[in-house]
Structures are given as structure tokens and as C-alpha cells.
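Basis for what follows: all heavy atoms, side chains included, without hydrogens, waters or symmetry-related copies.
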Amino acid sequence: MKNKNNRFFGRKRSERNHMTQDQFKNNPLEEENPGAAQAPEDVAADTAAEATEAPADEAAEATEAEEVDEVGKLREELAKEKKEYLFLMAEFDNFRKRSLREKSEIIKNAGENVLKGLLPIVDDFERGLKAADAAENAADVKEGMQLIYNKLVKYLAANGVKPIDPEDRDFDTERHEAISVVPVPDEAQKGKILDTVEKGYMINDKVLRHAKVVVGQ
């Protein structure tokens with residue numbers, strides 16, 4: 001095929017007859033289409049590159065599939081952990097409510113038991129009052145009252161209630177309440193309890209009622 005840029009056909013016949021071999025080889029047709037005739041080594045290189053790219057693509061797809069599986073497993077584990085967490089929260093809430101209910105029942109029953117134990121003492125007081133109306137001897141009435149008092153004190157002690165020792169003369173703000181301060185001439189009596197106006201009580205090593213005392217100053 002003729003081409004105006006062809007170095008061979010674009011010359012005169014006399015010029016074509018005198019062209020050298022090198023001039024004839026530099027054909028613009030070859031320059032215009034350099035990939036028309038590819039060298040065998042280039043074809044082999046392309047084939048090798050394609051063969052290398054194929055396993056790489058397969059490895060990438062396999063890695064992506066593994067990542068998808070791992071994400072799915074993590075989601076399943078998260079759902080399982082969330083379910084167990086909600087179950088534990090429900091169990092804890094039930095335990096808390098049950099504990100509060102049991103505690104309330106214990107306090108209520110304890111109060112009922114204490115009051116129930118006082119009823120026999122009330123009965124003794126009622127009988128003592130009736131006996132006092134008919135008694136002619138005050139000593140008999142006093143003896144009956146003393147028996148009831150002793151019974152009450154014993155009952156309180158059985159429930160952990162004991163009086164603060166009134167003979168203790170060392171003033172302690174944790175157990176005593178000073179309702180009055182009296183000047184004393186003796187330095188040894190300063191800060192000491194001079195008199196107990198109202199007895200104090202402890203319950204299980206805890207102050208139930210502070211003793212009201214008079215303190216020397």
C-alpha cells in the first residue's frame with residue numbers, strides 16, 4: 001500500500017534504485033505501528049505477568065472471604081455476649097428485689113417479735129395494778145412492781161439492750177450527754193460525772209440512748 005510518508009514509495013524510481021539497505025529498513029510503516037510485530041520475548045513476559053497476576057487475585061479474594069467470615073463470627077460472638085449480659089442484668093435485678101423484700105420482712109418480723117415479747121410484761125403490769133387496788137400493804141405492791149421490772153430488764157438484755165454503767169464517772173461524749181455543768185472545788189472532779197439524771201442504754205455495742213448526766217467543771 002502506498003503512503004505519502006513512506007520513504008520508499010515516496011521517492012522517484014531512480015532514487016529508489018540507489019537507496020541503501022539502512023534507508024530501506026527505516027520504513028515509516030513500521031514506525032507508525034510499532035506493536036504490529038511484537039518480539040517473542042515480549043510475548044513471553046506478558047504471559048508470565050498475567051500468570052503472576054492470576055494467583056495474586058485469587059489470594060486477595062481468599063483473604064477478603066476470610067475477613068468476611070471473621071466479621072460474621074465476631075458479630076455472632078457479640079450477639080451472644082449481649083444476650084448473656086442482659087440475662088445477668090435481669091438475674092441481678094431479681095436478686096436485688098428479692099434481697100430488699102427479705103430484708104424488709106426480717107425487719108418487720110423482728111419488730112413483731114419484740115412487741116410480742118412485751119405483751120406478757122404488759123399483762124403483768126395490768127395484774128399488778130389490780131392487785132395494788134386491793135392491797136393493804138405497800139410493801140407487797142413494791143415487791144410486785146420489782147418482779148415486773150426485773151422481768152422487763154431481763155427481756156431487754158435477751159434482745160441485746162443493756163444499760164450504760166451509771167457508776168462510770170468518766171465523761172464520754174460518745175455515750176453521755178451533759179445537760180448541766182457544775183463548778184467543783186476539787187480538780188480531780190473536773191470533767192467527771194457527778195450525777196446521772198437519765199440512764200443510757202446500749203444495743204449490741206451501739207448507743208441506743210445517751211445517758212443524761214451532770215458534769216463537774
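- In this structure, CZ in Arg169 is found 9.5 Å from NE2 in His176, a value given to the nearest 0.5 Å.
- Considering CG of Asp124 and CE of Met145, their distance stands at 11.0 Å, rounded to 0.5 Å.
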Identify every side-chain donor-acceptor pair in residues 209-217 under 3.5 Å, counting partners at least two apart or on other chains, and give the distances.
residue	atom	partner	partner atom	Å
Arg209	NE	Lys199	O	3.2
Arg209	NH2	Lys199	O	2.5
His210	NE2	Glu174	O	3.3

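- When atom types are taken as modelled, the side chain of Ser99 and the backbone of Phe95 share a donor-acceptor pair closer than 3.5 angstrom.
- Atom-to-atom distance recorded for Tyr149:OH and Phe125:CZ is 10.5 Å, nearest 0.5 angstrom.
- Grouping the Ile, Leu, Val, Met, Phe, Trp and Tyr side chains by contacts below 4.5 angstrom, directly or via other members, places Leu194 apart from Phe171.
- Here the CD atom belonging to Glu126 is positioned 10.0 Å from the CD1 atom belonging to Ile148, to the nearest 0.5 angstrom.
- Residues Ile203 and Tyr201 share a hydrophobic cluster, clusters being chains of Ile/Leu/Val/Met/Phe/Trp/Tyr side chains in contact below 4.5 Å.
- The hydrophobic clustering, which links ILVMFWY residues whose side-chain heavy atoms are closer than 4.5 Å, places Val122 and Val153 apart.
- For the atom pair Leu74 CG and Leu78 CG, the distance stands at 8.5 Å (nearest 0.5 Å).
- Residues that satisfy the side-chain hydrogen bond (donor to acceptor under 3.5 Å, both in side chains) test with Asp170, not counting sequence neighbours, are Lys192.
- Transitive grouping of hydrophobic side chains (ILVMFWY, heavy atoms separated by less than 4.5 Å) brings Ile179 and Val182 into a common cluster.
- Taking the side-chain hydrogen bond (donor to acceptor under 3.5 Å, both in side chains) definition, one finds that Glu187 meets it with Lys190, sequence neighbours left out.
- One distance of note links NZ of Lys80 with NZ of Lys83; it measures 10.0 Å at 0.5 Å rounding.
- Under a 4.5 Å side-chain heavy-atom cut-off, the cluster of Ile, Leu, Val, Met, Phe, Trp and Tyr residues that includes Val68 has no other member.
- Listed by chain and number, the residues in a side-chain hydrogen bond (donor to acceptor under 3.5 Å, both in side chains) with Arg96 are Asp93 (sequence neighbours excluded).
- Crowding of Glu70 atom CD: a count of heavy atoms from other residues, nucleotides or ligands under 6.0 Å not exceeding 12.
- Within a 6.0 Å radius of CD in Glu64, other residues, nucleotides and ligands contribute 12 heavy atoms or fewer.
- Listed for the Asp186 side chain is a donor-acceptor partner under 3.5 Å among the backbone atoms of Ala188.
- Hydrophobic clustering places Ile121 together with Val114 (ILVMFWY residues linked when any side-chain heavy atoms are closer than 4.5 Å, directly or through intermediates).
- Between Lys151 and Pro120 the shortest side-chain heavy-atom distance falls below 4.5 Å.
- A pairwise comparison of heavy atoms in Pro166 and Thr196 identifies O-OG1, 3.9 Å as the closest pair.
- No more than 12 heavy atoms of other residues, nucleotides or ligands shown are found within 6.0 angstrom of CG on Asp205.
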Check the pair Arg175 / Ile164 against side chain to side chain contact (heavy atoms under 4.5 Å, CB included), numbers first and verdict last. CA-CA 8 Å; Arg175 297 180 299 159; Ile164 297 174; 4.1 Å; yes
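- Applying the salt bridge (charged side-chain N to carboxylate O under 4.0 Å, His left out) test to every pair with at least one member in residues 136-147, sequence neighbours left out, gives no pairs at all.
- Heavy atoms only, all atoms of each residue included: Tyr155 and Leu118 are closest at CE2-CD2, 3.6 Å.
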